Protein chains: 2
Amino acid sequence: MTDLTKFVGGCESCPIQHRAVCARCDADELDRLESIKYYRSFEAGQTIIWSGDRMEFVGSIVSGIASLTQTMEDGRTQMVGLLLPSDFVGRPGRDAATYDVVATTDVVMCCFRRKPFETMMVETPHIAQRLLEMTLDELDAAREWMLVLGRKTAREKIASLLSILGRRDAALNLAGQDQEMVFDLPLTREAMADYLGLTLETVSRQISALKKDGVIVLEGKRHVTVPDFQRLLDEAGDDCDGGMMA
Amino acid sequence: MTDLTKFVGGCESCPIQHRAVCARCDADELDRLESIKYYRSFEAGQTIIWSGDRMEFVGSIVSGIASLTQTMEDGRTQMVGLLLPSDFVGRPGRDAATYDVVATTDVVMCCFRRKPFETMMVETPHIAQRLLEMTLDELDAAREWMLVLGRKTAREKIASLLSILGRRDAALNLAGQDQEMVFDLPLTREAMADYLGLTLETVSRQISALKKDGVIVLEGKRHVTVPDFQRLLDEAGDDCDGGMMA
DNA sequence: ACCTAGAATTGATCTGGGTCAAGGATACTG
DNA sequence: CAGTATCCTTGACCCAGATCAATTCTAGGT
């Protein structure tokens with residue numbers, strides 16, 4: 001269980017304060033939020049919310065990675081969202097969850113009791129404004145992903161995922177652009193397959209192929225080095241940028 | 001060119017007034033909107049907005065169907081959204097369009113000049129609230145579609161699309177649930193293929209197969225009858241509902 | 001150091017849907 | 001009412017990625 005005491009100090013030391021749903025709130029508003037908020041942690045693999053369950057809270061990912069997943073009766077599953085620190089979980093105004101939310105790594109969440117949060121959303125435009133912004137970004141990311149799922153080859157899909165993960169990591173670490181890019185894969189091969197609409201065998205084969213071709217260098221199974229990021233983008237089939245992940 | 005005079009009467013006679021982004025506005029707010037609004041019509045096949053272009057306006061689809069489309073350099077295209085009457089076009093706060101918007105049928109739009117609209121959004125929470133609601137719905141639809149693109153077979157994809165189009169039509173015509181469902185396909189085979197991540201040949205083959213198996217009855221190439229909607233849902237692989245389209 | 005279990009790789013084979021190609025069906029135009 | 005353009009269907013063949021089946025890594029745990 002992750003130690004939560006380091007967070008209870010309050011919002012002024014919160015690592016996601018500038019990007020989360022509360023980013024625009026002033027001191028008063030943060031005070032009100034504080035009264036309906038609590039922290040929870042989840043271990044890797046644990047399901048945070050089951051699809052169909054009543055949602056008691058909404059909230060933000062503080063640290064770790066979670067995934068939104070949809071499953072058909074016969075077991076086929078598709079990941080429909082990757083939730084990173086500062087991303088918002090839950091849908092105000094809806095009683096029941098529509099997707100499974102699963103902790104991919106250990107996760108700490110900042111939760112708000114749902115009903116009071118919804119009330120507050122009506123009264124404080126700062127929250128709704130920020131949530132709209134974040135939701136529009138997520139919609140863009142989802143649409144970017146529809147192109148990946150619908151039209152890209154397996155190799156392009158892997159390259160797309162790696163470029164997103166790498167870009168995200170670079171943004172976090174403030175790394176320079178042209179230098180070598182290094183990061184750890186936060187996903188298992190199976191999770192990547194669920195994200196990409198592939199089988200885990202195909203994921204494995206394509207990663208091996210990218211390694212053989214020198215597009216990436218692997219150290220162990222998870223540690224990735226990208227010697228030439230532009231090369232990776234070319235492999236992803238992205239004309240220019242390759243889209244963002246919220 | 002569609003006759004626009006029937007709309008200039010104002011918002012009180014607008015067919016989408018209860019579902020569009022202005023749905024929550026009171027009379028004063030509608031007056032303000034009126035001052036920055038104008039109607040435009042587009043013919044089937046015409047591109048309403050080009051990806052990368054500066055966006056001069058945002059707005060609502062009043063009648064007709066448009067599609068959001070993404071294209072790779074080599075020509076592969078993926079439809080990432082289907083815009084129906086009352087759906088919102090454009091992203092406030094963004095200068096350049098990220099997708100092509102193409103009129104699938106003849107389309108009439110209610111446009112707002114972008115800059116004044118953005119100003120108004122900050123000042124009148126009713127607009128932002130409604131837009132948030134609509135964006136969340138679209139995000140759900142996009143995620144539903146990711147499952148279709150990533151994990152469903154060609155036959156399931158076609159059945160999914162038909163069930164969405166049928167459901168939408170039924171909602172519009174207030175038809176009873178258990179009776180026969182009849183509607184016209186608003187999309188060409190190629191547009192369906194672009195939506196489903198398939199080729200037009202596969203779309204044609206699967207439609208023929210569904211016809212042969214009695215899941216649907218075709219009259220001409222566009223007029224569809226669904227004798228048993230539950231059967232269609234089963235073919236779509238949807239456990240219960242099959243998801244909504246904004 | 002050994003044991004176990006999940007994660008990953010790699011090979012062999014199969015198949016759903018893509019590709020290429022040849023017509024049909026409508027509908028508009030002159 | 002032929003001429004032609006668009007949309008659609010159908011057939012033959014092929015290949016990317018799925019499926020089935022072993023191994024091989026790697027990280028804990030004892």
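The chains referred to below are lettered A, B, ... by the order of the sequence lines, with proteins before strands, and numbering in each begins at 1. These numbers come from a predicted model, not from an experiment.
- As judged by a 4.0 angstrom heavy-atom cut-off over every strand, B/Arg155 is placed among residues making no nucleic acid contact.
- Nucleotides of DNA chain C nearest to A/Arg151 and A/Gly220 differ in position, and the one nearer the 5' end is that of A/Gly220.
- Rounding to whole angstrom units, CZ of residue A/Arg76 and P of D/dG17 are separated by 18 Å.
- Between A/Leu200 atom CG and D/dA18 atom C1' there is a gap of 11 Å when expressed in whole angstrom units.
- In terms of modelled atom types and a separation under 3.5 Å, the side chain of A/Gln78 and the main chain of A/Asp194 share a donor-acceptor contact.
- Ionic pairing of A/Glu235 and A/Arg231 is present here: one or more N-O contacts between side-chain nitrogen and carboxylate oxygen are shorter than 4.0 angstrom.
- For the pair B/Arg19 and B/Asp137, the salt-bridge criterion is not met [side-chain N within less than 4.0 Å of a carboxylate O].
- The distance from atom NZ of A/Lys212 to atom P of C/dT10 is 11 Å, rounded to the nearest whole Å.
- Within the 4.0 Å cut-off from OP1 or OP2 of C/dG18, at least one side-chain nitrogen or oxygen of B/Thr202 is found.
- Listed candidates were D/dA18, C/dT9, D/dC8. Nearest to the side chain of A/Ser208 is C/dT9.
- Here D/dC25 presents its C1' atom at 13 Å from CG of A/Leu218, a figure rounded to the nearest Å.
- Across the protein-nucleic acid pair, B/His223 atom NE2 and C/dA25 atom C1' stand 18 Å apart, rounded to whole Å.
- Under the 4.0 Å criterion applied to side-chain N and carboxylate O atoms, A/Asp213 and A/Arg155 are assigned as salt-bridge partners.
- Checked by distance alone, B/Arg205 brings a side-chain donor or acceptor within 3.5 Å of a matching partner on the base of C/dT19.
- Closest approach to the B/Arg189 side chain among D/dC8, D/dC25, C/dT19 is made by D/dC8 (side chain taken as heavy atoms from C-beta onward).
- The side chain of A/Lys221 sits closest to D/dC25 out of D/dG17, C/dG17, D/dC25.
- Using a 4.0 Å heavy-atom criterion, one finds that A/Gly45 contacts no nucleic acid atom at all.
- The side chain of A/Ala154 sits closest to D/dG17 out of C/dT9, D/dG17, D/dC8.
- Looking at which nucleotide of DNA chain D each of B/Ser204 and A/Leu198 is closest to, the 5′-most match is held by B/Ser204.
- Contact check, B/Arg222 against D/dC7: no side-chain N or O comes under 4.0 Å of OP1 or OP2.
- Scanning atom types as modelled, no donor and acceptor separated by under 3.5 angstrom connect the side chain of B/Glu190 and the base of D/dC8.
- Within 6.0 Å of CD on B/Glu219 lie no more than 12 heavy atoms contributed by other residues, nucleotides or ligands.
- For B/Glu190, the CD atom is loosely surrounded, since the number of other residues' heavy atoms within 6.0 Å does not exceed 12.
- When heavy atoms are screened at a 4.0 angstrom cut-off, A/Thr188 is found touching the sugar-phosphate backbone but no base atom.
- Comparing atom distances between the B/Thr199 side chain and each of C/dG18, D/dT9, D/dA18 picks out C/dG18 as nearest.
- Separating the CG atom of B/Leu196 from the C1' atom of C/dG17 is a distance of 13 Å, rounded to the nearest angstrom.
- When rounded to the nearest whole Å, the span between CD of B/Glu201 and C1' of C/dG23 equals 14 Å.
- When rounded to the nearest whole Å, the span between NZ of A/Lys157 and C1' of D/dA18 equals 12 Å.
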